[in-house]
Amino acid sequence: MKYLRWLLVLLLLGCQTLDPHNIIGRRISPDKEQAGTLTQAQRHLAFEQLADTIDRYYLDPTHHGVDWRGHVQNSRRGVMDAVNEDEFWLAMDRMLGVLADAHTRVASPKQVARLQAQEIDPLGISLMRLADRFYLRSVHPNSDFAWVGARPGQQVLAINNEDIGAVFARRLSATKASSTAWTRERVALREMLLFEEQVALRVQHHDGSHMVVHGKGMKLNQHHSAMHRVLPGNVGYLRWSGFSLSLEAAVLKGIDELKETKGLIIDLRNNGGGALAMVKNVAEQFFVAPTHLAKIETRSGRPVRLLGLTAIEPTLEVRGRGNAYQAPIIILMNEASASASEAFAGGLQAVGRARVMGQTSCGCLLGYLGTLKLSGGGELAYSEIGFKLANGDKVEGRGIVPDLPRPLLVQDLQVQRDRVLEEALSILAGH
């Protein structure tokens, strides 16, 4: 019993021998109680946790050439003097902008709760910018906006009676740097609406007429899902919303049921990634022989280990299987395809197993091993593993560049036409 107690103590302290990446220790809250107003002591502890963790565990020990300790000292007063809790957590997140890394971020307690509940942005709409014009990209069917006539493809002219261009410029200037310029812009577009409880949008229909639509925040859930079917021409279609292990069985079943198709479309548009283990397990279904897809990089150059065992191998390799799917594959991607979806698509593209069609992806291919609980209830995610594809390319900061680039067209949104899917189907049906 005595030895078990000591083993538990070592684990809780994040022992460098048993838990060199602090995988277990990071999930232990430093606070006895987290409810109530954020105290100055909690602010101080959360700030020190963030500063020390990035210093000790961040993937790049040079912090991309940034004087991290100097940056910490320069940022301390501004973060600690934030006027309220929301501004404190936002300042903590912005402090990480010098790393220009989409995976390294701070979530406030409110954001943590929304993530745990699988809630999407409360207004239920998303924006896009094309040629300095702004459009509704998506409208959740249960949002207020859907019920009052807002539809994808409508041009947005103003938010709460202010020119949308001015709102965007102000938000972009306050948005921290990310892995790519287009990812930072996408975050800014999202945050233009994220902090609003009620919004009035002036929109323009494609016929030139205007209207004002109103909507307020509400709880909108979007759970992970997977689907597959056979399209005309005996082409398979497979889509899943994220690399969640809860979806793996459904995805593998879909591949198995599409084995007799003459080609396969894998739709990873808006797939934000997830578990690396699922990347390997799904990719293996498409190779007959063992194949090297990517090298896994860590700060130390050694594999990720936990309790003396290898948790993540130094390479992403598939063993191959005799009954693998061998017909041609086209993977659909856009700028919201990120992380694990980029590892999967990039791995297959790099060895010539699949072609990619659509838009350049997020360029956000780093990974973390779990979030760190911060004092006060926030959480810190920080990049700990990197990827180099089999052809030597790095996706982080660059994105998966499509073999068959196809832009997203506003006119297609307006008539709900999926031109990219149509062309992929035409290509594979013609084989």
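A side-chain N or O of S375 and one of D31 form a donor-acceptor pair less than 3.5 Å apart. Checked by atom type, the side-chain pair Y57/R26 shows no donor-acceptor distance below 3.5 Å. Judged purely by distance below 3.5 Å, without hydrogens or angles, the side chains of N391 and D393 pair a donor atom with an acceptor atom. Side-chain contact, T175 with R94: no donor N or O sits under 3.5 Å from an acceptor N or O.
Residue pairs meeting the ring-ring contact (aromatic ring centres under 6.0 Å, His included) criterion with at least one member in residues 279-334, sequence neighbours excluded, do not occur.
With sequence neighbours excluded, the residues that form a ring pair (Phe, Tyr, Trp, His ring centres under 6.0 Å) with W68 are H63, H71.
Looking only at distances, no side-chain donor or acceptor of N334 sits under 3.5 Å from a matching main-chain atom of G358. Although no hydrogens or angles enter the test, the distance criterion places a donor-acceptor pair under 3.5 Å between the side chain of S143 and the main chain of H140. The backbone N or O of V106 lies less than 3.5 Å from no partner atom in the side chain of S108, so there is not a single donor-acceptor pair.
Other residues, nucleotides and ligands contribute over 12 non-hydrogen atoms within 6.0 Å of the NZ atom of K259.
Between L366 atom CG and D60 atom CG the span is 10.0 Å, to the nearest 0.5 Å.
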- Message: salt bridge (Lys or Arg N to Asp or Glu O under 4.0 Å), that's the test. Do E185 and R171 meet it? Break it down for me.
- Response: CA-CA 9 Å; E185 178 174 308; R171 174 51 60 183; over 6 Å; no
